[in-house]
Amino acid sequence: MDLRARVEAHIRRHELVTPGGEVTCLVSGGPDSTCLWHVLQELGYAVTALHVNHGVRGEESDVDARFCCDVLGAEVVDAPAARTEAELREIRYSYATDRLRATGHTASDNVETLLYRLVSSGRRAGIKPKREDGIVRPLLGVWREETGAYCNDVGLPYRTDSTNENTKRGLIRTELMPLLERLDPRARANLLAMAEQPAERRLPRIVERTLLGLLASTKGTKEAHLGQGVRAVREYDRLTLERGPVRLGPWTIESDTPGLEVRTWRPGDRLAGRTRKVQDVFTDAKVPRGERKTWPLVVRGDEVVAIPGIVENPDVHARRS
């Protein structure tokens, strides 16, 4: 009863399902989704179930599908396999989009997701109670061991996925979390509290680095491409964002690659990945000395990646009027 009350409080706090409303549980047959299916019924919701069978574990997958159909009354759909967990998830989420769907993600999943994102991308973000496509997660306040205990208490059978331990999440679950809890018994609870905080809204890292590079000095004027036709322009201590190509003298330069800058030649400039000096390139191209100081260069950091009209780059489009 305590678990059910916590699930209901989580649903009401995040407005996941209207009282007594219809909801389709995406079930695998494991303890989490089986617990979800039963708890929502006990709380008075109009529950149906859907099982997506990718067949990636052969006979074991077919047994899971039959279990979901026979025990949980689930509709079973056969779906294509995929190469990654992310692709499998997106395929599953492509079904029954006309209904409110719920998944059995738990507090344990939330902590594991937070750790994976911190390590793989430096991003502090857990699992959202409600996805942008409307999928809801009513069990995010419940730990994984509680769902299995609940099923045992009410006499609900469930399936066990033999491949779970071989995934990245399984590595976090079986090796990393025990080490963190040896370091501090409060590790899991503290990580959950971090996962439940609103996600940080950040620019892509390359865009952040580009903007910080522009703001490192307040001398003169400098521009940089941010991608998608947007460029940042710093004039002394003032930074603005503008859309459209960069114009320098008679040249119009465009690129969708973030992190590029357009500036004029400086002594010592060299082509990216080469030892050749830009000064020698100008000489070979017979660029008059009087034009070299105003000729545009497209650079990334200190490296010259393109010289319009002379050294081409497939990511840079330049034309002269």
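Here, residue 1 is the first one in the sequence, and each next residue gets the next number. Computed from a predicted model, the values in this text were never measured in an experiment. Heavy-atom basis, side chains included; hydrogens, waters and symmetry copies ignored.
- The two residues Phe67 and Gly29 have their closest heavy-atom pair at CE2-O, 3.7 Å.
- You'll find the side chain of Val142 reaches within 4.5 Å of the side chain of Leu3, heavy atoms only.
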Query - side-chain contact (heavy atoms from CB on, under 4.5 Å) evaluation trace for Arg182 with Leu179 - result: CA-CA 5 Å; Arg182 281 177 58 191; Leu179 289 174; 3.8 Å; yes

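- Atom NE2 in His105 sits 9.5 Å away from atom CG in Asn110 (nearest 0.5 Å).
- Under 4.0 Å is where a charged nitrogen must lie from a carboxylate oxygen, and between Glu196 and Arg13 no such pair does.
- One finds the CD1 atom of Ile91 at 11.5 Å from the CZ atom of Arg89 (value rounded to the nearest 0.5 Å).
- By the rule that hydrophobic residues join a cluster once side-chain heavy atoms approach within less than 4.5 Å of another member, Val47 and Leu140 end up as members of separate clusters.
- Looking at heavy atoms from C-beta onward, Cys25 lies out of side-chain contact with Leu50 at the 4.5 angstrom threshold.
- Between the side chain of Thr283 and the backbone N or O of Gln279 there is at least one donor-acceptor pair closer than 3.5 Å.
- The backbone N or O of Leu72 lies less than 3.5 Å from a partner atom in the side chain of Trp37, making a donor-acceptor pair.
- Hydrophobic clustering of Ile, Leu, Val, Met, Phe, Trp and Tyr side chains at less than 4.5 Å, counting indirect connections, keeps Leu100 apart from Val77.
- If you take OG1 on Thr48 and CD on Glu22, they are separated by 7.5 Å, rounding to the nearest 0.5 Å.
- Remark: Glu8 engages Arg12 in a salt bridge, criterion side-chain N to carboxylate O under 4.0 Å.
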- request: Report the C-alpha distance between Tyr95 and Arg101 in whole Å, list the side-chain angles of each, state the deciding distance to 0.1 Å, and finish with yes or no for side-chain contact (heavy atoms from CB on, under 4.5 Å).
  value: CA-CA 10 Å; Tyr95 292 97; Arg101 296 160 292 167; 5.9 Å; no

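- Here the closest heavy-atom approach between residue Arg234 and residue Thr218 is recorded as NH1-C, 3.5 Å.
- The backbone N or O of Ser94 lies less than 3.5 Å from no partner atom in the side chain of Thr97, so there is not a single donor-acceptor pair.
- Through direct or indirect side-chain contacts shorter than 4.5 Å among Ile, Leu, Val, Met, Phe, Trp and Tyr, Trp251 is connected to Val246, Leu248, Ile253, Leu260, Val262, Trp265, Leu271, Val278, Val281, Phe282, Val287, Trp295, Leu297, Val298, Val299, Val304, Val305, Ile307, Ile310, Val311, Val316.
- Exactly one of Arg263, Lys293, Arg292 qualifies for a salt bridge (charged side-chain N to carboxylate O under 4.0 Å, His left out) with Asp269. That residue is Arg263.
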Quick one, Thr210 with Leu226, criterion side-chain contact (heavy atoms from CB on, under 4.5 Å). Give me CA distance, side-chain angles, the key distance, then yes/no. CA-CA 8 Å; Thr210 300; Leu226 301 182; 3.9 Å; yes

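- A 4.5 Å side-chain heavy-atom check between Leu212 and Arg209 finds every atom pair outside the cut-off.
- Ion pairing between a basic and an acidic side chain is recognised when a charged N comes within 4.0 Å of a carboxylate O; Glu261 and Arg300 show no such pairing.
- Of the inter-residue distances, the one linking Cys68 atom SG with Arg159 atom CZ reads 9.0 Å to the nearest 0.5 angstrom.
- Residues Thr147 and Cys35 share a closest heavy-atom pair of CB-CB, 3.9 Å.
- A salt bridge links Arg188 and Glu145; the closest N-O separation between the charged side-chain nitrogens and carboxylate oxygens is under 4.0 Å.
- Atom CD of Glu59 is surrounded by more than 12 heavy atoms from other residues, nucleotides or ligands within 6.0 Å.
- The OG1 atom of Thr252 sits 11.5 Å away from the CZ atom of Arg320 when rounded to the nearest 0.5 Å.
- When only modelled atom types and interatomic distance are considered, Thr113 and Arg169 share a side-chain donor-acceptor pair under 3.5 Å.
- A heavy-atom distance below 4.5 Å is found between the side chains of Gln197 and Arg124.
- Closest approach of Val7 to Pro138, counting heavy atoms only: CG1-O, 3.7 Å.
- Contact check on Arg57 versus Asp161 returns a salt bridge, with a Lys/Arg side-chain nitrogen under 4.0 Å from an Asp/Glu carboxylate oxygen.
- The heavy-atom pair separating Val56 from Ser61 by the smallest distance is N-OG, 3.6 Å.
- No continuous path of ILVMFWY side-chain contacts below 4.5 Å connects Leu26 to Val39, so the two sit in separate hydrophobic clusters.
- Here the closest heavy-atom approach between residue Ala232 and residue Leu239 is recorded as CB-CD1, 4.1 Å.
- Leu115 belongs to a hydrophobic cluster whose other members, connected by ILVMFWY side-chain contacts under 4.5 Å either directly or through intermediates, are Val111, Leu114, Tyr116, Leu118, Trp143, Ile172, Leu176, Met177, Leu180, Leu191, Leu192, Met194.
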Practice prompt. Walk me through it: do His38 and Tyr150 pass the test ring-ring contact (aromatic ring centres under 6.0 Å, His included)?
Written response: CA-CA 10 Å; His38 189 271; Tyr150 177 90; 5.6 Å; yes

Assess the residue pair Arg99 and Glu75 against the criterion (salt bridge (Lys or Arg N to Asp or Glu O under 4.0 Å)); give the C-alpha distance rounded to whole Å, side-chain angles, the decisive distance to 0.1 Å, and a yes or no. CA-CA 13 Å; Arg99 315 174 213 168; Glu75 172 191 356; 3.2 Å; yes

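- A single hydrophobic cluster is seen to contain both Ile11 and Val23, as judged by linkage of ILVMFWY side chains at heavy-atom distances under 4.5 Å, directly or through other members.
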Query raised in the report: Between His54 and Arg92, is a side-chain contact (heavy atoms from CB on, under 4.5 Å) present by the stated rule, with each step listed?
Result: CA-CA 9 Å; His54 297 279; Arg92 287 196 297 272; 3.2 Å; yes

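- For the residue pair Thr106 / Asp32, no side-chain donor-acceptor distance below 3.5 Å is found, with atom types taken as modelled.
- Hydrophobic clustering (side-chain heavy atoms under 4.5 Å, transitive across Ile, Leu, Val, Met, Phe, Trp, Tyr) keeps Val63 apart from Tyr158.
- Note on Glu235 versus Lys219: no salt bridge recorded, every NZ/NE/NH1/NH2 to OD/OE distance being 4.0 Å or above.
- A salt bridge does not link Arg270 to Asp302: none of the charged side-chain nitrogens sits closer than 4.0 Å to a carboxylate oxygen.
- Atoms CG and OH, on Leu16 and Tyr45 in that order, are 8.5 Å from each other to the nearest 0.5 Å.
- With salt bridges taken as basic N to acidic carboxylate O contacts below 4.0 Å, none links Arg117 and Glu112.
- Looking at His51, its side chain does come within 3.5 Å of a backbone N or O of Val27 through a donor-acceptor pair.
- Ion pairing between Glu254 and Arg319 holds under the 4.0 Å rule for side-chain N and carboxylate O.
- Under a 4.0 Å N-O distance rule, the pair Glu146/Arg6 qualifies as a salt bridge.
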